[in-house]
There are 2 protein chains.
Amino acid sequence: IDTMAADAARRRQDQLTKPRGSLGRLEEMAIKLAGMQGASAPSPDPVHILQFMSDHGVAAEGISVFPQEVTIQMLHNIARGGAAVSVMAEAIGARMEIIDLGILTDPGPVENVRSERLGFGTGNIAREPAMSEEQLVAAMNAGRSGVERALSNGARLLICGEMGIGNTTPATAVACALLDRPAIDMVGPGTGLNAEGLERKRRAVESALALHLAPGRSTLDLLARLGGFDIVATTGAYITAAQRGLPILVDGFIMSAAALAAVRLQPEVRNWMLFSHSSAEPGHRLMMEALEADPYLNLGMRLGEATGGEALVPLLRLACALHQKMATFAEAGIAEV
Amino acid sequence: IDTMAADAARRRQDQLTKPRGSLGRLEEMAIKLAGMQGASAPSPDPVHILQFMSDHGVAAEGISVFPQEVTIQMLHNIARGGAAVSVMAEAIGARMEIIDLGILTDPGPVENVRSERLGFGTGNIAREPAMSEEQLVAAMNAGRSGVERALSNGARLLICGEMGIGNTTPATAVACALLDRPAIDMVGPGTGLNAEGLERKRRAVESALALHLAPGRSTLDLLARLGGFDIVATTGAYITAAQRGLPILVDGFIMSAAALAAVRLQPEVRNWMLFSHSSAEPGHRLMMEALEADPYLNLGMRLGEATGGEALVPLLRLACALHQKMATFAEAGIAEV
């Protein structure tokens, strides 16, 4: 982080023709981006979205209202532009790369989809590890190479998103493991579980924690046992983005589990993160507290797919436009107070 | 309000390829605009901003950190594009009309500024009425005719904004009068008063309330005694917008006082209002409660000038894009749950 650039941005904000601090967190957004980008004219553009598709063996425990074949259907929907993430990416003018990390059925070649398949979904974490060590490394590398492609496209802001039926369950299990919380503290309705489904989900997370938690297990080991290809790839992407100085906009519940893992692995990654929104998924608050994060938006969103991150982009742009284009008191001939 | 259009929009939201309700308040934005516009394809565009400039005699009580000449300096700054409202209007592609309702000194002809001067500022409400009945009517009409011009330019969303040193004080006085609250409940730091300034502001509002409140006084009478040209013009604008079916996006603290007055005068105006943001000015919360409003953004903004409204516009656009462009479950060949 370029603290000189952040300080200069802060000083500039105090010289702009408005009462000090009166633009609230729009000032903070510009100052933070300035520090991350080492720039006097910070900007989120170009925005690059890595959209990770994967399936999760734990779906067999009946922990989602949607059947698992919806993942492949949504892969096609996202690729064709009909999903929320796609509509918003077009609306905000962001580049999006859709990456199949290993959904249940190989979709074959699909336009706009990059195949980096690591398997046919993960193992059912309630009964077995999600993935092997080799899959873990490959998933991390899929995230890392996604960031390298983003950078070679000139990206100045990274948003990772995910879609895969059941993926709030591994995200919940990872968060419980990393935050040392019981399932009951973190389990939520995801796409819309009723009380019975919620109970199944709680039991699945409890089984997974009972099976996989043991003293001395590393963060990487826990990720391999409890995670998903999406969470692991994002963890790798976040670490690489921070290493390469690319600002990260963390989306909702599932991406926050990856954020927790990345920060646990390399604490300085936290400095490169902005947090888009408070998810309606109840456990999200605990993750934000652990990350000392205060997300900008609170609109009751709980869709995932990078949509919360996308929603914040226009506000980041406004924050940067204000930072660059407002007149200073001196320029406007107004006496500072 | 076209409840058929709102119901149709709600049904469409439930058919889009996402878990029901998972876009949270982005769904609500599209449904509300659909109902207000009687449209299956709601849109905030074109957005029209009426930016009301005025001065306030109560500034003589030392209730602002900025001297009163900053109003005319800011008028030029806004007109030249250097103010926050101007930068954001350009960034979001909104049309803005700047209207001088009577600042302290007549600026003469200024490019991009419409002169509808009703005086040389208002009277000092701590010692006299803000304006005469004639000025009240003229200010209401200035707001009304601004809306007519917006409509003739095809506007589909109205944002009123204001700038004028000291204007949180009349806004506070109006809110206290309409909500039957003592000054202490509503007075806040505005542009950044210290404890001493806050005390002067509280005393000014108390003096104004002691002087002007009396049993049986009408809302219009209270507006003339305690208001400002900006608040009164906006009250007129909101009433006309509602009568003409033009959705209103209510900005922060001062515009919320006008919203309260408009709804007090004509309760059905409330149905045409969206509320952009929670102001950092503490009394704003009480106004929102009285209006049963739950603003969308909470970014610590406290600048006024329509900037909160402008910040929400990109999210309204995203909400409408999602509403129109997302695939339905049927279109995507996905089984609904």
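Lettering follows sequence order; numbering is per chain, from 1.
Contact count against chain A (heavy-atom pairs under 4.5 Å) is highest for A84(B) among G192(B), A84(B), G81(B). In terms of heavy-atom pairs under 4.5 angstrom with chain A, the leader among V313(B), N77(B), L26(B), I92(B) is N77(B). Residue with the most contacts toward chain A among G304(B), G21(B), G308(B), G190(B): G21(B) (heavy-atom pairs, distance under 4.5 Å). When L16(B), V87(B), N298(B), T307(B) are compared by the number of non-hydrogen pairs under 4.5 Å with chain A, V87(B) comes out ahead. Looking only at heavy-atom pairs under 4.5 Å with chain A, the residue among A83(B), S22(B), P19(B) that has the most is S22(B).
Judged purely by atom type and a 3.5 angstrom limit, T17(B) has no side-chain atom pairing as donor or acceptor with the backbone of F329(B). Under a 3.5 Å cut-off, the side chain of H284(A) and the backbone N or O of S279(A) do form a donor-acceptor pair. A donor-acceptor pair under 3.5 Å is absent between the side-chain atoms of D55(B) and the main chain of G121(B), judged by distance alone. Side-chain atoms of K201(B) never come within 3.5 Å of backbone atoms of G166(B) as a donor-acceptor pair (strictly under, hydrogens ignored).
Looking at A311(A), the atoms closer than 4.5 Å to chain B (heavy atoms on both sides) sit in the backbone and in the side chain alike. For L23(B), the parts lying near chain A are the backbone and the side chain together; criterion is any non-hydrogen pair under 4.5 Å. When heavy atoms are compared at a cutoff of 4.5 Å, E310(A) approaches chain B solely by way of its backbone atoms N, CA, C and O. Of the two parts of M74(B), the backbone and the side chain both hold a non-hydrogen atom closer than 4.5 Å to a non-hydrogen atom of chain A.
Electrostatic pairing of E331(A) and R80(B) does not count as a salt bridge here, judged by no charged N lying under 4.0 Å from a carboxylate O.
Rounding to the nearest 0.5 Å places CZ of R302(B) at 11.0 Å from OG1 of T168(B). Atom CE of residue M301(B) and atom CZ of residue R25(A) lie 12.5 Å apart, to the nearest 0.5 angstrom. Atom CG of L312(A) and atom NE2 of H277(A) lie 10.0 Å apart (nearest 0.5 Å).
When side chains are defined from C-beta on, S43(A) does not count as touching L33(A), because their heavy atoms never get closer than 4.5 Å. Using a 4.5 Å cut-off on side-chain heavy atoms (C-beta onward), V250(B) and S256(B) make contact.
Of all residues in residues 314-327 of chain B, those placing a non-hydrogen atom less than 4.5 angstrom from a non-hydrogen atom of chain A are P314(B), L315(B), L318(B), A321(B), L322(B), K325(B), M326(B), A327(B).
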